[in-house]
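Below, chain A is the first sequence line, B the second, and so on; all start at residue 1.
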Amino acid sequence: MKRYSSAAAERKWQKTWEKEKQFFVPSAVKGKRKLYVLDMFPYPSGQGLHVGHVESYTASDIIARYYRMRDYAVLHPMGWDAFGLPAENYAIKTKTSPRIVVKKNVANFKRQINSLGFSYDWSREINTTDPEYYRWTQWIFLKLFKRGLAYQKEMPVNWCPSCKTVLADEEVVGGKCDRCGTPVERKNLTQWMLKITAYADRLLEDLDGIAWPEKVKTMQRNWIGRSEGVVIDFLPQGADRQAYARLSENKKIISKANPLRVFTTRPDTIYGATYLVVAPEHPLIEAVGNQLTNRREVDAYLRAARNKSDEERIAQGKEKTGVLLGGVWYINPATNKKIPVYVADYVLIHYGYGAIMAVPAHDERDFDFAKKHHLPVVPVVSPDGKTDSMVLPYTGNGVLIHSGSMDGKQAHDAAGDIVRMVDGKAHTQYKMRDWVFSRQRYWGEPIPLVFCQHCADKIKNPSPTGGQEKSKIKNLSKGEALNPGWVPLDEKDLPLTLPNVKRYEPTGTLQSPLSAVPGWVHTRCPRCGGPARRETDTMPQWAGSCWYYLRYIDPKNRHALIDPKKEKEWIPVSVYIGGVEHAVLHLLYARFWHKVLYDEKIVHAPEPFYRLVNQGIVLGSDGEKMSKSRGNVVNPDDIVKKYGADALRMYEMFMGPLEDAKPWDEKGIIGIVRFLERIWAMGQQFAKKTGRKKPAPNQEFTGALHRTIKKVTQDIEAFRFNTAISALMILSRRMDETLDSVPLRAFETFLALVFPFAPFMTEEIWRGVLKNKKSLGRHAWPVYAERYIAQEMVAIAVQVNGKMRGTITVPANASRDDALAAVSADPRLAPHISGKVVTRVVFVPDRIINIMCG
RNA sequence: GCCUAGGUGGCGGAAUUGGUAUACGCGCACGACUCAAAAUCGUGUCUCGAAAGGGAUGAGGGUUCGAGUCCCUCCCUAGGCACCA
């Protein structure tokens, strides 16, 4: 018997399939159902493909091949997320251009992917570092800018004083530079921000309509962190409240009044607000600087807070530090009593208004702080209306006490009245912050903006003629009004290509290496033609991956990001498969950009990915995450060489549920190899016996075959590949044992079922051994008929008083009485009920009979 | 601390409207083939028990004729968030 050579067959069919353009979608075929199966595209690292990639790409490949056999038009593309830090760092180390590194790595990835027989349509391959691709990334950025969704803000960055460079968060390990170990400093730097918060509500609400794992939806909801509450202004002692109200109605700035604005979700507890707390960065501190009676103490606290890294804050646990702002008094608008103000770093400047009203009786953090600083704790909500019936802090609902005219009311009922009384205003607050979009790096998309001082002056300074100079500037976009002097490039001038540089090293300043290319930096203002300088920061790696799924649909379009007709055909993506590590960042950023493009009418659906499937990570055989340093990394190339691509594909699907984390165990792969060899051997038998007698129809076998078709079909659609393979194994064993009576047609059906999992070997048997002309991939997916599945005889479980006693075999759909009779007739079961009084019988047809007797 | 999944043989895991727990595979043991080994094939493999029978799905309770599956309390593991007012 001819042995199966995986290497030869894989080479042969890889080439043939490519020649035959098996996976090419010229355009969606009219009338065909469409399916867009998308993988999270990889970062082409120097390490090559990971067995984790193989897992998720095999899953998507099975889905793609299955639906092609079901006659769907299937879009299944692949590309490269090739900007990013590792390529840049490698370029610094080896003094080669990241372009060269990326090219090499992409070639290796592509070779590996093809070796595994993944059925991608390579005519749609994209690369985020290709100027023809990032031209449109920049184009989308301009849309964001013009809509006023990009703005500049001072943000702290990680600075390594030894490497003299800005570090990404992942380059900071334990507060130290990952490369040299020097403690990292925080420096403020003006950064481009994207206003993702403007889309917070839509990002939250639209989660309801998409088929994503609940886990990922929960993570996004928590990340967005919407909470409904009220803002309340506290006035300083001596301020005239009526005057303040008038001023605030007129929207005039009230510098003297210095109201302190707080956000709270519990306005009903305001009678218990015994002090206020502001964050260390709060402007009030500077405003009251001169009247502080303990200025030195406050300054010392602020200094300490500023030097504390986030990590140190967390390391200190929940211990709450803070100091009084001596001599500063505010009025609680409910009680009209004066209350003190503290500065404490448990209040965060970027949440709400950076200030809170502290209600120690009903908030755990305020309670801790009050205890430590001996501040009064006044309970105002009681579960039963009594003053001493609760353990403080009590955060539940109840009846108001110590609350003046509100006493005795249900707290949540009285909230509205209280808010009106203190002039509070409803406010929705989010945890999510805007997206820091600048990177002081070389290897990213250049931001297509220039800064023009002349235009800045024109926008900022009203002209001496007293005119509205601002409106005289033609077509001033929201972005330019928001960022005076920043002028977007003309769309016609895109792409703004990344210039070649001699050195990829950091400049030793806070600027990106691009700032060291004078010929690139100095340019002309697209608006006034005067001298201007380019933005030298680049975009983060997330940018290119925010919209790549759109470009696959129309990858060569030179006139538009995507043709609207094609977009309608394929968006939203039917299934998106990838790791759960992208649950918030990538998947939130991509949804955000998609919604902006929706508002721009570039896309017609509000969400990009209809269904999301997470694959779990493949761990090393030690149960730990695979990493070079642990030495537990498995290279797919080695496994393919040893066992063949089909075996690797199938084994990764057989290891367990797709979404679970699973340890790699090379020993287990032998079971799959044996299974595949059994199929091969059967194929050889069928090839020999072409002239043999047609076997007599065997109803039982036909039933088993059809049940397997049903199971495999349902399991594939539900991504339960492990149990599908198990069903195929069971059928293969059965066929092997009774091969003489198995019709060729049945074996062919079986091959078709296996094809999506192990395309190389099944194709080799189908065309190479059984001499079929067309690819097995063109074969229609087998259909099952319920009439064959129905069994004549079924085994049903017998329980006596709820205890399993055995089984009986009865005709399908047998009645309760028939089943009871069968039990009585069974010599092993009858003794359990004979001579006893049957009090009740529970009977589930074809499943179980439970006989209660005394 | 909060949120989300989970906890089933020696191991990966089946059992998805509550209805025969441990499918399938690995490993292991024994047998066949072989001078021998590997490979392959066959048989067995939760546990106590000679058997009849009993006991097991993290622990303990509950609902039910019947619970791995539903409810309550607790323990443990993984992932996420981390003073969010």
Over all strands shown, is A:Thr807 touching base, sugar-phosphate only, or nothing at heavy-atom distances under 4.0 angstrom?
base
Hits for salt bridge (Lys or Arg N to Asp or Glu O under 4.0 Å) against A:Lys371, two or more places apart or cross-chain, chain-then-number order -> none
Mate of B:A23 where both pairing distances stay under 3.5 Å, Watson-Crick or G-U
none
Is there any side chain to side chain donor-acceptor pair (under 3.5 Å) pair reaching into residues 843-854 of chain A, and which pairs are they, with sequence neighbours excluded?
A:Gln799-A:Asn850
A:Arg591 to A:Trp223, cation-pi by 6.0 Å centre distance and 45° axis angle:
no
Residues at least two apart in sequence or cross-chain that pass salt bridge (Lys or Arg N to Asp or Glu O under 4.0 Å) with A:Glu581, listed by chain then number, are none
Need one value for A:Ala795: base, sugar-phosphate or nothing, where a base atom within 4.0 Å counts as base even if backbone is also close, heavy atoms only.
base
Integer-rounded Å distance: B:G25 P and A:Leu728 CG
12 Å
Strand partner of B:G42, provided both Watson-Crick or wobble distances fall under 3.5 Å:
B:C30
A:Ile356 CD1 to B:C83 P, in whole Å, measures 13 Å
If I pick the P atom on B:G49 and the same atom on B:C65, what distance separates them, to the nearest angstrom?
35 Å
What does nucleotides 40-53 of chain B look like as a protein-contact string, B for base, S for sugar-phosphate only, - for none, at under 4.0 angstrom between heavy atoms?
S-S----------S
Figure out the CG/C1' separation between A:Leu619 and B:G79, and round it to whole Å.
12 Å
Across all strands, who's sitting opposite B:C74 as a Watson-Crick or G-U wobble pair, both distances under 3.5 Å?
B:G58
Rounding to a whole Å, what distance do you find between A:Ile349:CD1 and B:C83:C1'?
15 Å
C1' atom, B:G9 versus B:G58: distance in rounded Å?
15 Å
When you get a sec, tell me which of B:C26, B:A85, B:C83 is the closest nucleotide to the side chain of A:Tyr351?
B:A85
Pair A:Glu214 + A:Arg221, salt bridge at N-O below 4.0 Å
yes
What does B:A36 pair with, Watson-Crick or G-U, if both distances are under 3.5 Å?
none
Specify the separation, in whole Å, of atom CG of A:Asp715 and atom C1' of B:C24.
12 Å
What interatomic distance, in whole Å, is found between C1' of B:A78 and the corresponding atom of B:A15?
23 Å
Report the residue (A:Lys667 or A:Ala797) whose heavy-atom-nearest nucleotide on RNA chain B is the more 5′ of the two.
A:Ala797
Across all chains, not counting sequence neighbours, the side-chain contact (heavy atoms from CB on, under 4.5 Å) partners of A:Arg733 are A:Arg678, A:Glu737
To the nearest Å, how far apart are A:Arg707 CZ and B:A23 P?
19 Å
P gap between B:A52 and B:C41, integer Å:
33 Å
Hits for side-chain hydrogen bond (donor to acceptor under 3.5 Å, both in side chains) against A:Tyr430, two or more places apart or cross-chain, chain-then-number order -> A:Asp201
Return the nucleotide paired to B:A82: Watson-Crick means purine N1 to pyrimidine N3 with N6-O4 or O6-N4, wobble means G-U with N1-O2 and O6-N3, both under 3.5 Å.
none
Which one is paired to B:A51, where only Watson-Crick or G-U wobble pairs with both distances under 3.5 angstrom count?
none
Nearest whole Å is fine: how far is B:A85 C1' from A:Phe234 CZ?
12 Å
Student check: side-chain heavy atoms of A:Phe750 and A:Ser732 closer than 4.5 Å:
yes
Output all residues satisfying side-chain hydrogen bond (donor to acceptor under 3.5 Å, both in side chains) with A:Tyr342, sequence neighbours left out; order by chain, then residue number.
none
A:Met650 atom CE is separated from B:C26 atom C1', nearest whole Å, by 16 Å
Can you find a donor-acceptor N/O pair under 3.5 angstrom joining the side chain of A:Lys431 to the base of B:C81?
no
Say you pick atom C1' in B:U73 and the same atom in B:A23; how far apart are they, in whole Å?
33 Å
Check side-chain hydrogen bond (donor to acceptor under 3.5 Å, both in side chains) between A:Ser621 and all other residues, then give those that pass, not counting sequence neighbours.
none
Please tell me whether A:Ser227 and A:Tyr351 have a donor and an acceptor in their side chains that are separated by less than 3.5 angstrom.
yes
B:G10 and B:G60, which share atom name C1', separated by this distance in whole Å:
28 Å
Contacts of A:Asp736 that satisfy side-chain hydrogen bond (donor to acceptor under 3.5 Å, both in side chains) - sequence neighbours left out
none
Please give the nucleotide sitting opposite B:U17 as a Watson-Crick or G-U wobble pair, both distances under 3.5 Å, or none.
none
All N/O pairs under 3.5 Å across the protein-nucleotides 64-71 of chain B interface:
| from | atom 1 | to | atom 2 | distance (Å) |
| --- | --- | --- | --- | --- |
| B:C65 | OP1 | A:Arg840 | NH1 | 3.2 |
| B:C65 | O2' | A:Asn850 | ND2 | 3.1 |
| B:C65 | O2 | A:Asn850 | ND2 | 2.6 |

How should the glycosidic conformation of B:G9 be described, syn or anti, under the criterion that syn lies within 90° of 0?
syn
Among residues two or more places apart or on two chains, list those pairs meeting side chain to side chain donor-acceptor pair (under 3.5 Å) that have a residue in residues 661-672 of chain A.
A:Glu55-A:Lys662, A:Lys642-A:Glu666, A:Tyr643-A:Glu666
Protein proximity profile, nucleotides 4-17 of chain B - base contact B, sugar-phosphate-only contact S, no contact -, cut-off 4.0 Å on heavy atoms
S-------BSS---
Comparing A:Asp366 and A:Val584 on RNA chain B - which has the more 5′ nearest nucleotide
A:Val584
Is the distance from the ring center of A:His427 to that of A:Tyr353 below 6.0 Å?
yes
